[in-house]
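Step one of this worksheet: look at the structure below.
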Amino acid sequence: MVAQTVPPERWIIVDDGSMDNTAEIVGEYAKRYPWIELVHRPQRSDRNFAAKVHAFNVGYQRVQSLQVELIGNLDADISFRPDHFECLIEKFLEDPTLGVAGTAYTEQDWDSTRDSFEGESSVHGACQLFRERCFKDIGGYVPNQAGGIDWIAVTTARMKGWKTRNFPARQFRHHRPMGTAERGPVGAMFDYGKKDYFLGGSPIWELFRVTYRMTKSPVLIGGLALFSGFCWAALRRVERPVSRELMQFHRREQMKRLRAILGTIVRFHKVEKYYLETQRNSSR
């Protein structure tokens with residue numbers, strides 16, 4: 001962040017009980033850069049995604065007096081180019097209807113522009129930049145312990161008429177594969193299946209997703225774990241942290257995306273996963 005061509009007005013780093021020397025490192029930087037502030041929170045007794053929201057809200061309260069136009073959420077395990085935020089700020093200046101922006105990203109053996117069907121409207125939670133009016137419009141982050149807080153925020157923004165985009169002209173590197181903090185790859189896929197259910201995903205979409213996932217490593221097992229997680233959550237009727245309105249909006253988006261995929265396949269064209277939105281519009 002200190003190397004960014006456009007530094008933030010204020011950067012609040014919330015340490016909620018890190019077991020490493022995060023506080024010492026941040027403290028040294030805060031002495032040299034007055035826009036960096038370290039906030040300590042009690043160490044968490046357990047790991048859950050709601051803690052991220054609580055930590056963010058602590059930082060958000062610290063910048064309320066600044067009357068900022070943009071606010072961001074940044075995970076600690078990513079890296080990016082020095083002009084990362086300059087590029088995103090330019091996108092907000094160009095389009096007043098842009099509510100949430102981010103960039104494409106890579107992980108080990110993963111490139112979001114190549115391997116994800118979420119497309120250009122999805123903004124990864126590890127690095128999200130919001131127009132503050134949009135953030136207030138969606139009611140901020142939902143502190144759901146099971147996860148999905150970033151997805152809920154971005155999807156709600158689209159439901160309320162804001163544009164959400166990730167831009168492939170820049171990428172960040174996510175150094176720890178998603179969902180593997182306390183689980184192996186198969187366990188992570190089981191958790192993703194549960195999340196697909198409690199976020200209101202369509203069963204039809206899930207069947208296609210499971211089938212596709214079976215072709216990826218770990219072959220068959222990953223898809224079966226995904227399917228098992230979805231069924232487990234459905235049988236237990238896991239409480240959904242999303243409204244019926246948001247769930248219906250989400251399913252409509254999934255069906256439009258699925259029609260775009262199938263329509264591209266039957267025309268024997270290559271499915272450009274990142275540009276599914278563009279493919280759908282051009283096929284009308």
Side-chain angles (χ1 to χ4, degrees), residues 100-125 148 150-152 154-159 162-172 174 177-179 185-186 188-234 242 246-284:
V100 192
T103 69
Y105 69 96
T106 60
E107 293 179 350
Q108 182 179 354
D109 301 321
W110 174 272
D111 184 327
S112 66
T113 63
R114 181 192 66 221
D115 301 314
S116 173
F117 283 100
E118 291 300 317
E120 56 192 332
S121 63
S122 173
V123 183
H124 191 287
D150 314 304
W151 177 91
I152 293 172
V154 175
T155 308
T156 302
R158 285 199 302 276
M159 184 180 70
W162 293 95
K163 290 181 183 177
T164 67
R165 281 290 307 275
N166 75 78
F167 296 94
R170 297 292 183 276
Q171 292 191 348
F172 68 82
H174 194 215
M178 291 185 296
V186 175
M189 292 309 300
F190 183 85
D191 287 345
Y192 276 126
K194 292 193 298 182
K195 187 181 293 186
D196 288 345
Y197 173 81
F198 70 65
L199 292 179
S202 164
I204 298 173
W205 172 271
E206 195 68 15
L207 285 174
F208 279 92
R209 186 181 185 201
V210 166
T211 301
Y212 174 77
R213 193 63 187 78
M214 284 183 175
T215 67
K216 304 298 181 181
S217 179
V219 177
L220 293 179
I221 298 174
L224 291 174
L226 183 70
F227 182 69
S228 298
F230 188 90
C231 292
W232 180 90
V242 298
L246 183 60
M247 184 174 73
Q248 291 173 344
F249 177 82
H250 175 39
R251 291 186 176 188
R252 287 195 299 270
E253 285 196 327
Q254 286 184 321
M255 291 301 99
K256 290 178 182 178
R257 195 174 297 126
L258 184 57
R259 285 194 294 271
I261 295 170
L262 297 179
T264 302
I265 292 174
V266 299
R267 292 192 300 274
F268 300 103
H269 293 168
K270 181 181 178 182
V271 177
E272 297 288 351
K273 299 173 185 176
Y274 176 80
Y275 293 105
L276 278 176
E277 237 1 79
T278 306
Q279 286 179 325
R280 190 183 78 222
N281 292 334
S282 63
S283 65
R284 289 177 180 173

Of the non-hydrogen atoms in Glu118 and Ser116, which two are nearest, and what is the gap between them? N-OG, 3.1 Å
Point-to-point distance, once rounded to the nearest 0.5 Å, from OG1 of Thr264 to NZ of Lys273: 12.5 Å
Sequence neighbours left out, what passes side chain to side chain contact (heavy atoms under 4.5 Å, CB included) with Met255? Give chain and number order. Ser202, Ile204, Trp205, Leu258, Arg259
d(Lys256 NZ, Ile261 CD1) to nearest 0.5 Å is 14.5 Å
When rounded to the nearest 0.5 angstrom, what is the spacing between OG1 in Thr156 and CH2 in Trp162? 13.5 Å
So which pairs with a foot in residues 197-211 pass salt bridge (Lys or Arg N to Asp or Glu O under 4.0 Å), sequence neighbours left out? Asp196-Arg209
For the pair Thr164 (side chain) and Ser121 (backbone), establish whether a donor and an acceptor sit closer than 3.5 Å, ignoring hydrogens and angles. yes
Pairwise distance NE2(His124) to CG(Asn166) - rounded to 0.5 angstrom: 10.5 Å
Set of ring-ring contact (aromatic ring centres under 6.0 Å, His included) partners for Tyr212, sequence neighbours left out: Phe117
Between the OG1 atom in Thr113 and the CD atom in Glu120, the distance rounded to the nearest 0.5 Å is 11.5 Å
Any donor-acceptor pair under 3.5 Å from Arg213 side chain to Met189 backbone: no
Nearest 0.5 Å, what's the OG-NE2 distance between Ser112 and His174? 12.0 Å
My understanding is that only residues two or more places apart in sequence, or in another chain, count here; which of them pass ring-ring contact (aromatic ring centres under 6.0 Å, His included) with Tyr197? Phe230
For Leu224 versus Met214, what's the shortest heavy-atom pair and its separation? CD2-CE, 3.4 Å
Which residues share a ring-ring contact (aromatic ring centres under 6.0 Å, His included) with Trp151, sequence neighbours left out: His250
Taking all non-hydrogen atoms of both residues, which atom of Val210 and which atom of Gly223 are closest, and how far apart? CG1-O, 3.4 Å
I'd like to check the salt bridge (charged side-chain N to carboxylate O under 4.0 Å, His left out) partners of Lys195; sequence neighbours left out, ordered by chain and number. none
If you take all heavy atoms of Ala157 and Val100, which pair is closest and at what distance? CB-CG2, 3.9 Å
Are side-chain heavy atoms of Phe198 and Val242 found at a separation under 4.5 Å? no
